[in-house]
Engineer: 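Have a look at the structure that comes next, please.
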Amino acid sequence: MDSFAYRDGELFVESVPVRAIAEQAGTPCYIYSRATLEDHFDRLRAAFAPIDPLICYSVKSCGNLGVLRVLRERGAGMDVVSGGELFRARAAGVEASRCVYAGVGKTDTEIAYAIREGIGLFNCESEEEFENIARIARSLGASVGVALRINPDVDPKTHRYTSTGKKETKFGVDLERARRFFAAYGRDAHARLEGLHLHIGSPIYTVDPYREALEKTVALVADLARDGFEIRSIDLGGGFGADYESAQSPALAKYAEAIVPLAKPLYDRGIRFVLEPGRTIVANAGILVVKCLYTKTSGEKRFVICDAGMNALLRPSHYGSFHFIWPVAPGRDMTPARRALDPGLSGTVTHDIVGPLCETGDFLALDRLLPASVARGDLLAVFTAGAYGMSMASRYNSSPLPAEVLVSGSTAEVVRARESYATLVEHELKPSPLSLGAAESAGAAR
Ligand SMILES: *Cc1c(COP(=O)(O)O)cnc(C)c1O
């Protein structure tokens, strides 16, 4: 389903014109569609129904509380990678027992916080981390479930920054170490090692890396059973793709078709499955709306200078990612026939679509066709921006963070207010002296 559509030459999100939202909420602003979020979640659940997984939405892909609430109401748990994300999940009303917590660098404070909240599972990434979780759980008189994040050494064929399941990356424990890990820690009473976790990268457009990783996991489950350790849960991570070219709903069934046949025999033996999708649910459920401040020509090059760039959406400059961009109101004859670069479209001119920051790397798209008529004051929609958009936004150049709006049918609400200049400086207004004790007096004596 696609809730972002042009009608009579104007872009709508569900039943609301984007222009009306931008007029009230201002730009830059992210707009999310509830119907799309729900549709993607429901289709994922239906595709994987034979193994009835707990679907833990990846908070880091888009952690707005409004988005989290929509998914919680649908029955989602949450995948968190920091104490801050667990706090978000809790603030959105998600039970900690329905949250799983991954990440190579969990601090003592974060571990204690998660245990106190009653975290469902820690996805543990190293021997030292396991010992730390066990130590903290013991000191709190708690017993917490732990899954070992394994690194199955498969190549997900994605950007090297987001490839996480190859041996040379920092994530998880390699398969040879995994058996020794269970032998060393598998009987701990305070950190109950009972699951396996993998997350091999993102986005992954072919099913083979999943198949390969799951085959290795199945073999490991059998090895561990021989060693006397019973696996109760397998978390397959996230990484399912989003369709950036067409900005349509992602093809989810193909992942299920590859994964379910391998997973079903384990499910039938009582192993519980977890999925951690982020991008595939939220990418095409969100757009970024920016305003053209100026156009200009330099040599042969035409520029559209917008009121936000890499500060609001980092992906094009950080990963070289493609996002389809088109005017919110291009006029009747300029509605895109298909949402991809279409060299055949008449009346278009190649532009660099850039932001206002003092960086050459500050762009949303390079060498991109836009209607020749694009002018100062026009609104542009950056599609497929829901995932890793706002969650990676920064305040570089002291840019206040964008507003976020959630559309539900014919209603729209601001689910994050645009930041003000005051919020930019609020933590700097009152310097507070540190009491340095001995160091301070040593300095005074000199
Ligand atoms: C980022 C992340 C995910 C989500 O990845 P998507 O590509 O957004 O589905 C899931 N699990 C872990 C451990 C992650 O770090």
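Note that ligands are numbered from 1 as they come in the structure, with each ligand's atoms numbered from 1 the same way. If you're wondering where the values come from, they're calculated on a predicted model, not measured in any experiment.
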Engineer: Heavy atoms under 4.0 Å from ligand 1: which residues qualify?
Structural biologist: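 Those residues closer than 4.0 Å to ligand 1 by some heavy atom are S58, K60, D79, A102, H197, H199, S202, G238, G239, E276, P277, G278, R279, Y388.
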Engineer: Taking it one step at a time, do T350 and D367 satisfy side-chain hydrogen bond (donor to acceptor under 3.5 Å, both in side chains)?
Structural biologist: CA-CA 5 Å; T350 305; D367 294 326; over 6 Å; no
Engineer: Once salt bridge (charged side-chain N to carboxylate O under 4.0 Å, His left out) is applied, what residue pairs with a partner in residues 195-211 remain, sequence neighbours excluded?
Structural biologist: D208-R211
Engineer: Under the rule for side chain to side chain contact (heavy atoms under 4.5 Å, CB included), what residues qualify as partners of A308, not counting sequence neighbours?
Structural biologist: P28, V290, N311, A312
Engineer: Rounded to the nearest 0.5 Å, what separation is found between the CG atom of L68 and the CD atom of E85?
Structural biologist: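 It is 9.0 Å, given to the nearest 0.5 Å.
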Engineer: Heavy-atom count around Y205 OH within 6.0 Å, excluding the residue itself: above 12?
Structural biologist: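 Buried by this count: over 12 neighbours within 6.0 Å.
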Engineer: Please output the side-chain donor-acceptor pairs of residues 355-362 that fall under 3.5 Å, not counting sequence neighbours, one pair per line with the distance.
Structural biologist:
{"from": "E359", "atom 1": "OE2", "to": "Y396", "atom 2": "OH", "distance (Å)": "3.2"}
{"from": "D362", "atom 1": "OD1", "to": "M310", "atom 2": "N", "distance (Å)": "2.6"}
{"from": "D362", "atom 1": "OD2", "to": "L357", "atom 2": "N", "distance (Å)": "2.7"}

